[in-house]
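To find a chain, count down the sequence lines: A is the first, B the second, and so on, and within it residues start at 1. Because the structure is a prediction, the values reported are computed rather than measured.
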Amino acid sequence: MRLTRYFLPVLKENPAEAQIVSHRLMLRAGMIKQQAAGIYSWLPLGFKVLKRIEQIVHEEQQRAGHIPLLMPTLQPADLWRESGRYDDYGQEMLRIRDRQDREMLYGPTNEEMITDIFRSHVSSYKDLPLTLYHIQWKFRDEMRPRFGVMRGREFLMKDGYNFDIDKAAALHAYNRHMVSYLRTYERMGLTAIPMRADSGPIGGDDTHEFLVLAATGESEVFYDAAVTELKLGDRAVDYENRAEVAEVCREFTTLYARTDETHKPELFDQIPAERRRVGRGIEVGQIFYFGTKYSDPMGANVVTPDGSRVPVHMGSHGIGVSRLLGAIIEASHDERGIIWPEGVTPFHAGIVNLKQGDAGTDAACEGLYAALKAAGLDPLYDDRDERAGAKFATMDLIGLPWRLTVGPRGLAKGVVELTSRRSGESEELTAEAAVARLREIYADR
RNA sequence: CGGGGUGUGGCGCAGCCUGGUAGCGCGGCUGCUUUGGGAGCAGUAGGCCGCAGGUUCAAAUCCUGUCACCCCGACCA
């Protein structure tokens, strides 16, 4: 993309309404525009990152064997009356009446609807296990939306639902989700720690939240420092293998890590003092096992091999997709702007033309731009007629992890400059070598 | 929902107390000079002062109502 042909309304000054860094940077980098309290338009740059995150979530869910579908944002009230939640959910649920005066709601979550789909089409144990998920906009009418996309009223969420024959199978689905989530967050450059949690209005016994450590987090967290060292890495996990999946979960949940909701000081104090940590975290996902809480009242039963009918065991599992934008920025920025992890960056690299209009420099930039695209990369070429400082400032603000700087001085030596946004380190190399290097960096992304 | 605050060009703000018909910085556009970390000079465009009503010869300014947004708190992917 050429910057002169793109739509990137960056702001030089901080908008007054934004209090926390991720919100400020998203506004300044031209990623979002607020339309009402807690409701945002996603401008091209923000939309691009949102789509990258969504893509990673899809890939990891499908790798775990979970099946995508799409349910609507608007739901009929009757489904929620069956589960009893129409009256229980409270003011957070946005209720709407259509022209026929039918009661509708903008879905805050989808347990009822997915259960309805399941019971309509599945009736035998032979169809289990089954995990369905979607990525769809939700609406929760928060009392006080804040922190930009971190606590919006309208937000994009991946929510998945497993249907299993018994508790053991459902707990395997729970564990499978935990592992797939760990991998998902790692691919986004995040360290997200599973912490034992409270179940809230979803209900159920087993639940973990995934917290990204950040000073601006809304939850207070208590953990063993060793937990931040755990990495899933490239290890191959067979999602069908219950014991193997459970072992990974054990590895990631044995060390103490809890939010203030479930914190037990007497357990915390058993951690060696030098590893005890109290901090703050951003919740970016949560998994639940809740047994037959919905299948029972809604009649989601299957016939077992011996011919009896039993309600299925279920769980639900969510990732706050739009919230992740904020969480990633909170975890990865500096005073000059965002620093995107390679896994989610909106463009793989930026090209800065230091002398726009100079025939040689322009030609070199064009060549580099074409070569990067030919290599399967997605570059952003700053071809504006701006001074070097302005171009650098824009690149730093929008946070592309790699910058290629092209100017007459370097070209005289036959080189361009490749700079890491994260470390600030530069190296001079030929255009061909720079393309090869970037190709290597993004080889498996 | 309780408490506090703010609405003035695209963004950040001043003006309001003490009414006299709107100003500054950034940004935009034009020209010239400049050009390896947010340039300089000159010119120029852009405002129903959130909305409605009232007081007044006259309202951004005073009064009443209303809407929106922000912050603190209690609640949450």
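Positionally, the nearest nucleotide of RNA chain B for A/M143 lies more toward the 5' end than for the other of A/M143 and A/M157. Nearest-nucleotide positions on RNA chain B place A/V406 closer to the 5' end than the other of A/V406 and A/E261.
As a whole-Å value, the separation of A/Q35 CD from B/rC70 P is 12 Å. Whole-Å rounding puts the A/R384 CZ to B/rG27 P distance at 12 Å. Residue A/I20 contributes atom CD1, which lies 15 Å from atom C1' of B/rC72 at whole-angstrom precision. Atom pair A/D141:CG and B/rC1:P shows a separation of 10 Å (rounding to whole Å applied). Note: CG (A/D260) to C1' (B/rC75) measures 13 Å, nearest angstrom. In this structure, the CZ atom of A/R153 is 11 Å from the C1' atom of B/rC69, given to the nearest Å. In this structure, CD of A/E142 is placed 14 Å from P of B/rA74, rounded to the nearest angstrom. Residue A/K12 contributes atom NZ, which lies 16 Å from atom C1' of B/rC13 at whole-angstrom precision.
Residues meeting the side-chain hydrogen bond (donor to acceptor under 3.5 Å, both in side chains) test with A/S423, sequence neighbours left out: A/S420. When the ring pair (Phe, Tyr, Trp, His ring centres under 6.0 Å) test is applied to A/H313, no partner is found at least two apart in sequence or on another chain. A/Q91 meets the side-chain hydrogen bond (donor to acceptor under 3.5 Å, both in side chains) test with no other residue; sequence neighbours excluded. With sequence neighbours excluded, no residue forms a side-chain hydrogen bond (donor to acceptor under 3.5 Å, both in side chains) with A/E417. By the salt bridge (charged side-chain N to carboxylate O under 4.0 Å, His left out) test, A/E366 pairs with A/R2, sequence neighbours left out. With sequence neighbours left out, the salt bridge (charged side-chain N to carboxylate O under 4.0 Å, His left out) criterion links A/E342 to no other residue. Residues that satisfy the salt bridge (charged side-chain N to carboxylate O under 4.0 Å, His left out) test with A/E17, not counting sequence neighbours, are absent from this structure. A search for salt bridge (charged side-chain N to carboxylate O under 4.0 Å, His left out) contacts involving A/D385 returns nothing, not counting sequence neighbours.
B/rC1 is paired with B/rG73 under the Watson-Crick or G-U wobble criterion, all donor-acceptor distances under 3.5 Å. The partner of B/rA14 is absent, by the rule that a Watson-Crick or G-U pair needs both atom distances under 3.5 Å. B/rC41 is paired with B/rG31 under the Watson-Crick or G-U wobble criterion, all donor-acceptor distances under 3.5 Å. For B/rG20, the paired nucleotide is B/rC57, the pair qualifying as Watson-Crick or G-U wobble because both relevant distances are below 3.5 Å. The partner of B/rG7 is B/rC67, judged by Watson-Crick or G-U wobble contacts that both fall below 3.5 Å. Applying the Watson-Crick and G-U wobble criteria (two distances, each under 3.5 Å), B/rC49 pairs with nothing in any strand.
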Give me, pair by pair, the N or O atoms of the protein and of nucleotides 48-51 of chain B that are less than 3.5 Å apart, along with how far apart they are.
none

Check: protein-nucleotides 5-11 of chain B nitrogen or oxygen pairs below 3.5 Å:
from: B/rC11; atom 1: O2; to: A/E13; atom 2: OE1; distance (Å): 3.3

Give each protein N/O atom lying under 3.5 Å from an N/O atom of nucleotides 28-34 of chain B, with the pair distance.
from: B/rU34; atom 1: O2; to: A/R387; atom 2: NH1; distance (Å): 2.8

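Side chains of A/T394 and A/R384: a donor on one and an acceptor on the other come within 3.5 Å.
Spacing of C1' atoms, B/rC57 relative to B/rC71, comes out at 42 Å, to the nearest Å. Atom P of B/rU64 sits at a distance of 24 Å from the matching atom of B/rC69, rounded to the whole Å. Taking atom P on both nucleotides, B/rC16 is separated from B/rG7 by 13 Å, rounded to a whole Å. Taking atom C1' in both B/rC62 and B/rU55, one finds a spacing of 8 Å when rounded to whole Å. To the nearest whole angstrom, the two C1' atoms, one in B/rG27 and one in B/rG9, are 11 Å apart. Distance noted for atom P between B/rC11 and B/rC67: 24 Å (whole Å). Nucleotides B/rC63 and B/rG73 have their C1' atoms positioned 32 Å apart, rounded to a whole Å. Taking atom C1' in both B/rA60 and B/rA22, one finds a spacing of 8 Å when rounded to whole Å.
Residue A/R144 has a polar side-chain atom (N or O) positioned under 4.0 Å from OP1 or OP2 of B/rC71. Between A/Q34 and B/rC70 there is a side-chain polar atom (N or O) within less than 4.0 angstrom of OP1 or OP2.
Looking at A/R280, its side chain does come within 3.5 Å of a backbone N or O of A/E218 through a donor-acceptor pair. Although no hydrogens or angles enter the test, the distance criterion places a donor-acceptor pair under 3.5 Å between the side chain of A/K391 and the main chain of A/N353.
Within the 4.0 angstrom heavy-atom criterion, base atoms lie near A/G407. Across all strands shown, A/A388 has heavy atoms under 4.0 Å from sugar-phosphate atoms exclusively, and none from any base. Across all strands, A/G90 comes closer than 4.0 Å to no nucleic acid atom at all (heavy-atom distances). Base contact: A/T405 has a heavy atom under 4.0 Å from a base atom. Contact annotation for A/G152: base contact, defined as any heavy-atom pair under 4.0 Å involving a base atom.
Between A/Y106 and A/F139, the ring-plane angle classifies as tilted under the 30° and 60° cut-offs.
For the pair A/R196 and A/E209, the salt-bridge criterion is not met [side-chain N within less than 4.0 Å of a carboxylate O].
Within 6.0 Å of CZ on A/R439 lie no more than 12 heavy atoms contributed by other residues, nucleotides or ligands.
Screening residues 43-82 of chain A for ring pair (Phe, Tyr, Trp, His ring centres under 6.0 Å) gives A/H58-A/Y133, A/H66-A/H177, A/W80-A/Y89 as the qualifying pairs, with residues at least two apart or on separate chains.
At a cut-off of 3.5 angstrom, counting only N and O atoms as typed in the model, there is a donor on one side and an acceptor on the other between the side-chain of A/R403 and the base of B/rG37.
Side-chain proximity of A/R146 to B/rG36, B/rG38, B/rA74: nearest is B/rA74.
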